[in-house]
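These numbers were taken from a predicted model, which means no experiment stands behind them.
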Amino acid sequence: MAYDEDLADRIREIVQAEAGLTEKRMFGGLAFLINGNMAASASSKGGLLLRVDPADTPGLLQQPEAARFQMRGREMDGWLRVDPAGLATKPQLESWVSRGVSYARTLPAK
């Protein structure tokens with residue numbers, strides 16, 4: 001399944017002015033990286049794949065649209081999958097994407 005191009009365009013609109021921004025196909029989706037670190041991705045499985053501070057994961061999981069990202073059956077703190085229902089409005093998407101961008105900015109550049 002291809003990633004949601006409309007969602008990718010909506011993310012691009014939010015992050016386009018960010019310094020150090022690049023786009024890269026990752027995990028079957030289209031990822032938006034800040035200084036080489038993934039911030040957010042239009043996922044091939046629908047919705048948003050998001051990188052966040054691992055310490056924030058438990059609190060963010062209280063939101064019904066958020067779930068831990070799983071890779072090879074293993075749940076990973078600091079990586080969330082956000083359901084499309086939680087991304088319907090621009091403010092909703094901006095809130096999630098800004099978390100990813102903010103966390104990516106704390107990481108060493110690659």
Side-chain angles (χ1 to χ4, degrees):
M1 175 177 169
Y3 62 88
D4 180 339
E5 291 185 28
D6 179 57
L7 178 59
D9 288 341
R10 291 174 61 213
I11 297 168
R12 187 177 293 115
E13 182 180 316
I14 293 166
V15 299
Q16 66 187 350
E18 293 289 337
L21 176 69
T22 55
E23 295 181 21
K24 182 177 181 182
R25 292 199 62 131
M26 295 175 66
F27 305 116
L30 182 65
F32 296 84
L33 297 88
I34 304 295
N35 298 323
N37 294 292
M38 194 189 97
S41 177
S43 174
S44 63
K45 295 183 179 180
L48 184 71
L49 177 58
L50 187 67
R51 183 110 185 253
V52 297
D53 186 329
D56 293 343
T57 300
L60 293 171
L61 291 172
Q62 299 302 310
Q63 298 191 43
E65 64 270 19
R68 278 191 175 90
F69 173 67
Q70 289 187 15
M71 182 170 286
R72 298 183 190 135
R74 185 174 147 233
E75 292 183 342
M76 302 171 61
D77 282 341
W79 294 85
L80 299 178
R81 191 171 287 292
V82 182
D83 188 75
L87 309 170
T89 68
K90 186 173 183 177
Q92 287 175 309
L93 182 60
E94 284 176 336
S95 175
W96 286 111
V97 170
S98 69
R99 287 183 179 278
V101 168
S102 293
Y103 182 64
R105 290 226 173 274
T106 70
L107 301 171
K110 292 184 177 179

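- Distance CE/Met38 to NZ/Lys110: 10.0 Å, rounded to 0.5 Å.
- Criterion: ILVMFWY side-chain heavy atoms under 4.5 Å apart, direct or through other members. Under it, Leu61 and Trp96 are part of a common hydrophobic cluster.
- Contact detail for Leu87 and Arg10: the closest heavy-atom pair is O-NH2, 2.6 Å.
- Smallest separation of non-hydrogen atoms from Pro84 and Gly46: CG-C, 4.3 Å.
- Side-chain heavy atoms closer than 4.5 Å link hydrophobic residues (I, L, V, M, F, W, Y) into clusters, and following such links, possibly through other members, connects Ile11 to Val52.
- Cluster annotation: Trp79 and Tyr103 are assigned to distinct hydrophobic clusters (Ile/Leu/Val/Met/Phe/Trp/Tyr, side-chain heavy-atom contacts under 4.5 Å, transitive).
- Between the side chain of Ser41 and the backbone N or O of Leu30 there is at least one donor-acceptor pair closer than 3.5 Å.
- Contacts classified as ring-ring contact (aromatic ring centres under 6.0 Å, His included) and involving residues 27-63 (residues at least two apart or in different chains) are given here: Phe27-Phe69.
- No option in Glu5, Glu23, Glu18 other than Glu23 meets the salt bridge (Lys or Arg N to Asp or Glu O under 4.0 Å) test with Arg12.
- Between Met76 atom CE and Gln70 atom CD the span is 10.5 Å, to the nearest 0.5 Å.
- Taking every heavy atom of both residues into account, Pro54 and Pro58 meet most closely at O-CD, 3.8 Å.
- In plain terms, the two heavy atoms of Ile34 and Ala39 that are nearest each other are CG1-CB, 4.2 Å.
- For the pair Arg72 and Arg74, the minimum side-chain heavy-atom distance is 4.5 Å or more.
- The side-chain heavy atoms of Leu21 and Val101, taken from C-beta on, include no pair separated by under 4.5 Å.
- Of the possible donor and acceptor atoms, none in the side chain of Ser95 sits under 3.5 Å from a partner among the backbone N and O of Gln92.
- Judged purely by atom type and a 3.5 angstrom limit, Asn35 has no side-chain atom pairing as donor or acceptor with the backbone of Ala104.
- Here the closest non-hydrogen pair linking Tyr3 and Ala8 is CE1-CB, 3.8 Å.
- The cluster map of Ile, Leu, Val, Met, Phe, Trp and Tyr, joined by side-chain heavy atoms under 4.5 Å apart, puts Val82 and Leu60 in the same cluster.
- Leu7 and Val97 fall within the same hydrophobic cluster, defined by Ile, Leu, Val, Met, Phe, Trp and Tyr side-chain heavy atoms under 4.5 Å apart, directly or through other members.
- Leu80 places none of its side-chain heavy atoms less than 4.5 Å from the side chain of Arg99.
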